[in-house]
Structure formats: structure tokens, C-alpha cells
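As a basis for the values below, the full set of heavy atoms in this structure was taken, side chains included, without hydrogen atoms, waters or symmetry mates. Here the structure is a predicted model, which is why all the values come from computation and not from measurement. So that the names make sense, note that chain A is the first sequence line, chain B the second, and so on, each numbered from 1.
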Protein chains: 2
Amino acid sequence: MHPTVTDAPALAQLAALLADTSRARICLALLDGRAWTAGELARAAGVAPSTTSDHLSRLVEGGLLAEERQGRHRYLRLADPDVAQLIEDLAGRAAPVAQPARSLRAARATTALAYARTCYDHLAGRLGVLLHDTLLDRALLDRAGGLTLTPAGLDWCADLGLPVAPLRASRRPLLRDCLDWTERRPHLSGALGAALCARLLDLGWLARGTGRAVRLTPAGVPALAAALGLPPADLAPPATTDAGGGRA
Amino acid sequence: MHPTVTDAPALAQLAALLADTSRARICLALLDGRAWTAGELARAAGVAPSTTSDHLSRLVEGGLLAEERQGRHRYLRLADPDVAQLIEDLAGRAAPVAQPARSLRAARATTALAYARTCYDHLAGRLGVLLHDTLLDRALLDRAGGLTLTPAGLDWCADLGLPVAPLRASRRPLLRDCLDWTERRPHLSGALGAALCARLLDLGWLARGTGRAVRLTPAGVPALAAALGLPPADLAPPATTDAGGGRA
DNA sequence: CCGATGCTTCGGCCCCGGCCGACACTCTTT
DNA sequence: AAAGAGTGTCGGCCGGGGCCGAAGCATCGG
């Protein structure tokens with residue numbers, strides 16, 4: 001039976017885990033999909049290591065975080081993609097609108113992130129939106145009545161070396177919209193969104209930058225352009241730093 | 001930009017609204033999709049009306065609840081379907097597993113709910129799952145790569161007098177799985193799931209029972225059976241109370 | 001073996017917030 | 001007009017929990 005009032009204590013207990021600014025900061029930091037050490041999270045949260053230790057224990061016990069101990073380090077990550085989705089949903093509803101005006105240096109710093117970054121485990125930013133749009137344009141995806149993979153899209157995934165069948169086995173939706181906060185347009189989330197991001201990193205077309213930033217590699221520019229049927233110029237990053245053309 | 005640590009205060013504030021057992025009870029009660037008076041919610045939450053009043057004001061101010069004042073009554077409902085989804089998601093993750101064994105009378109009481117009930121604004125229970133399965137069997141829905149409405153399904157909706165186009169305009173996903181806790185199988189949620197449920201009630205094929213229970217009307221049995229291409233017997237409710245056959 | 005680093009435990013402080021009862025207010029009913 | 005029900009406000013009580021610093025263990029490096 002769907003949740004009833006009897007579930008209230010459990011619901012409140014779970015919500016209480018996120019109802020503290022420090023713990024919320026920790027969870028939001030972990031949205032980048034990586035595993036952080038306890039000390040890093042303490043700095044990110046802005047509270048003493050001792051306080052953080054307590055927070056982390058609770059979050060792990062509450063099932064939101066998973067921990068892995070290695071030597072004198074304690075690595076923490078979000079327990080699973082569902083948790084990431086949950087936090088995104090909550091934050092999305094909670095977030096006011098962010099700051100309207102930014103300093104110049106801050107704007108420069110965010111330029112790289114605006115171009116391409118990970119959103120927990122999938123691709124976001126201009127590149128993420130471009131991918132989403134192109135796949136729709138080429139009828140590899142279809143959104144007449146829900147976002148789906150077309151037969152052609154299934155072939156396209158296969159060509160990339162991305163088996164789709166196992167993704168269907170998971171309880172996670174295959175495809176899902178995720179609103180891009182820089183672009184204000186949707187990009188791809190869900191099991192396939194995550195698998196696609198992982199595959200592009202695996203192929204070496206994408207590489208992780210600092211933080212959650214991601215960049216197209218020199219090899220990735222022509223390869224991805226070819227896969228999408230776009231001129232390589234359309235994939236150009238924002239800055240002129242790495243304007244080098246197609247070198248496979 | 002996706003949620004960052006700067007959004008932590010807002011996230012924590014939102015989560016804090018659900019981090020109290022009384023407020024959680026209130027929200028879970030409202031999951032039935034109806035508007036309750038403040039007094040009813042006070043009794044449901046098990047706290048004094050004065051305490052409840054404070055809770056309700058916070059929930060409204062936090063955007064989770066919407067209120068409507070009529071005379072000396074204050075009616076409250078969930079602000080929108082997104083909130084319902086959010087609470088469902090949280091509760092689904094939080095809920096332990098509920099009680100393993102039930103008393104006989106409790107079992108009898110839940111029989112009606114197991115047959116058909118609303119899940120916020122869409123249809124759940126055996127009937128909800130049957131609908132989901134039949135629509136898939138008849139290829140009105142398709143889940144090869146995401147749950148979608150097929151062209152035939154679009155016609156089927158039109159035949160029911162259910163315009164789909166306006167539903168696409170909303171930000172809400174058209175179709176979404178919602179795990180049925182009695183059946184352990186998915187039923188239809190999303191904008192279309194809600195619209196379908198509303199339409200069936202509107203047509204008089206379904207009628208609301210007590211609480212969130214729903215029943216097929218005498219007119220609804222043959223009509224829905226015909227629409228689904230099923231023998232009316234397949235729609236039989238659990239008890240023998242209303243075993244009347246097809247009377248159009 | 002010794003110091004440095006990363007993390008945890010403990011005690012104590014303090015504030016936040018949930019709770020109630022008493023009272024005030026409003027709208028309905030008689 | 002008076003009585004009553006539904007709701008909101010206020011003051012006060014009290015427990016929970018977030019915070020820190022000090023001290024205690026581990027692990028890693030020399």
C-alpha cells in the first residue's frame with residue numbers, strides 16, 4: 001500500500017537528515033558523483049571535523065551515503081543514483097533562483113562549467129543540452145508521449161559500444177529529463193544518460209576536469225562530431241584556449 | 001547551474017518542513033489528493049489544533065501546501081503534483097516495509113483499497129495495474145526505451161474524450177511508473193495517469209468511496225471493459241457484494 | 001620508533017523548535 | 001443578539017540536536 005500516516009516517523013527521520021545546512025552542504029557537494037574524504041567534506045561544509053564525523057555517520061546510517069574506508073581515509077559518496085535524484089528534486093524545488101549578478105572572475109570560473117560538467121553521473125551544460133537536442137533532431141530519441149529511445153537510437157547506442165538491454169533491467173528509468181540550470185533547457189538523465197556519460201569518458205572522448213567540470217578531448221571532438229553528424233565546430237568549447245581542430 | 005553548496009540553506013529549510021513527525025503525518029494524509037480542513041488534519045496528526053495551525057502555516061509558506069479559506073474553515077491540499085511526487089519518493093525510500101502480519105479485520109478493510117484507490121491524483125491498486133498492463137498489451141503504451149504513448153494510444157485517449165496535447169504543455173512528465181505497494185508492480189502516474197483517472201471519474205465509470213478508495217460503477221464495468229477490450233468479468237471487484245454483470 | 005595526519009569520541013554549551021493551554025477572533029447558527 | 005465551532009496568537013516549558021575543543025586511536029611517513 002502506498003505510504004500512509006504510519007510511515008510518518010520514517011519519513012520525518014529521513015527528511016531530518018537533509019534538514020541541516022551542514023548536512024545539506026555535504027550532500028550537495030557529493031552530487032558531483034565522486035567520493036570525498038571526511039576532511040574534504042568538513043571543509044566544504046564549513047564545520048569542525050568532529051562535527052562532520054557525526055554528520056557523516058548519520059547520513060550513512062540513514063542510507064543516504066555509502067562509505068569506504070581506506071587506510072586512514074574515509075571516503076564517502078551518495079549511496080546510489082536514487083539518492084542523487086532525490087536530492088536534485090528537493091534542491092530543485094527549494095532553490096530560490098541563485099544570484100542574479102556575478103563578479104567577473106566568478107563568471108570566468110563558471111564558463112568552463114557552463115560548457116560541460118557532470119550532474120551526478122550524467123552530462124550537463126551546453127554540451128549536455130546539445131547532445132539532447134541533436135539526438136532528438138536525428139530521431140534517435142523521441143518525445144511524442146514520453147522521452148524514449150527509437151530503434152535508430154538503439155542502433156546508435158550499439159555503434160557506440162553501449163549495450164542498452166542491461167540498463168532496462170534496473171529499476172531506474174532509462175531516460176529522464178533533467179533541467180539544466182545554465183541553459184534552462186533539459187538534458188539527458190536516467191540510466192541511459194549516466195551510461196552514455198560513462199561511455200564517453202571511457203572512450204576518452206571526454207575527460208574530467210577540476211571539480212565537476214568536463215572537457216572534450218582532442219580526440220573526442222571529431223569522434224563525437226561524427227557520431228552526432230555535426231560539424232566539429234559546433235562542439236567548440238567557449239574559451240579560445242584549446243581551439244585546436246580535428247586531430248584524430 | 002545545478003544545485004551547489006550555496007543552495008544548502010534552502011534545501012535544509014525545505015527538508016525541515018518534512019522533518020517533523022506531525023508535519024509528515026499531515027503531508028502523508030494529504031497524499032489522497034483531497035483538501036482537508038485544519039481541524040481534520042489536527043486529528044490526523046494527533047496534536048492540538050493550535051500546534052497544527054502553526055505547522056500548516058509553515059507548510060503553506062514553504063510552498064508545500066496550498067490553502068483556501070471558506071467561511072470559518074481553512075482547506076488545505078498539496079500545492080501541486082510535484083509535491084506529491086516528492087513526498088512519495090521520500091516516503092518510498094524511507095518506509096521500512098510496513099507491518100508483515102495484519103489482523104483479519106484490518107485485512108478486510110484493506111481489501112477495498114487493494115482493488116482500486118487513488119494515489120494522489122492517479123489510479124492505483126489491482127485496477128490501476130490492470131489498466132497499465134492492458135494498455136501495454138494492446139500496444140497503446142510502449143516501454144521499449146521509456147514509457148510512451150503510441151499513436152494508437154493517442155487515438156484511444158481521444159476516443160475517451162481525453163485530449164493529450166494540453167498535457168504535454170505542462171512541465172510534468174506525461175507518463176511515469178509508480179510502484180504499486182499492494183501489487184508490487186507498476187501502475188500509471190504522470191500527467192496522463194492523472195488525467196485518465198480524472199476522466200474516468202468524470203465519465204461516472206469510477207466513483208470515489210471512503211477515504212482514497214475508489215470503485216467501478218455499474219455503468220463503468222461494461223464501459224471500461226469495452227474500452228479495454230476485456231471481458232467484463234476481468235474487472236470484477238474482490239468481494240461478492242456487487243457482482244452484477246454488464247448492464248449498460 | 002616517533003611524529004604527523006586523518007578521523008572519532010566525549011563532555012558541555014546553547015539555541016532552535018515542538019508542544020500545550022489560555023485567550024482572542026471570526027463566521028455560522030439559533 | 002447570543003452561543004458555539006473552527007482557527008489563530010501568545011507565553012512558557014522542555015527536550016533534541018548542532019556546535020566546538022580536548023583528548024584518544026588509528027594509519028602513514030621517515
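The outermost nucleotides of DNA chain D lying under 4.0 Å from heavy atoms of chain B, listed 5' to 3', are D/dG4 to D/dT9.
Under a 4.0 Å N-O distance rule, the pair A/D89/A/R176 qualifies as a salt bridge.
Considering only side-chain N and O atoms, A/R69 lies under 4.0 angstrom from the phosphate OP1 or OP2 of C/dT8. Within the 4.0 Å cut-off from OP1 or OP2 of C/dG6, not a single side-chain nitrogen or oxygen of A/R74 is found.
No donor-acceptor pair under 3.5 Å is formed between the side chain of A/T37 and the backbone N or O of A/H73. In this structure, the side chain of B/T217 engages the main chain of B/G220 through a donor-acceptor pair within 3.5 Å.
Taken residue by residue, residues 39-65 of chain A places heavy atoms nearer than 4.0 Å to DNA chain C at A/G39, A/P49, A/S50, A/S53.
Considering only heavy atoms from C-beta on, A/H132 stays 4.5 Å or farther from A/S189 through its side chain. Residues B/D32 and B/Y120 form no side-chain contact, since every pair of their non-hydrogen atoms from C-beta on lies 4.5 Å or further apart. A heavy-atom distance below 4.5 Å is found between the side chains of A/L196 and A/L160. Considering only heavy atoms from C-beta on, B/I87 comes within 4.5 Å of B/L78 through its side chain.
Shown here is B/Q13, whose CD atom has no more than 12 heavy atoms of other residues, nucleotides or ligands within 6.0 Å.
Nearest-nucleotide positions on DNA chain C for B/G71 and B/D20 put B/D20 closer to the 5' end.
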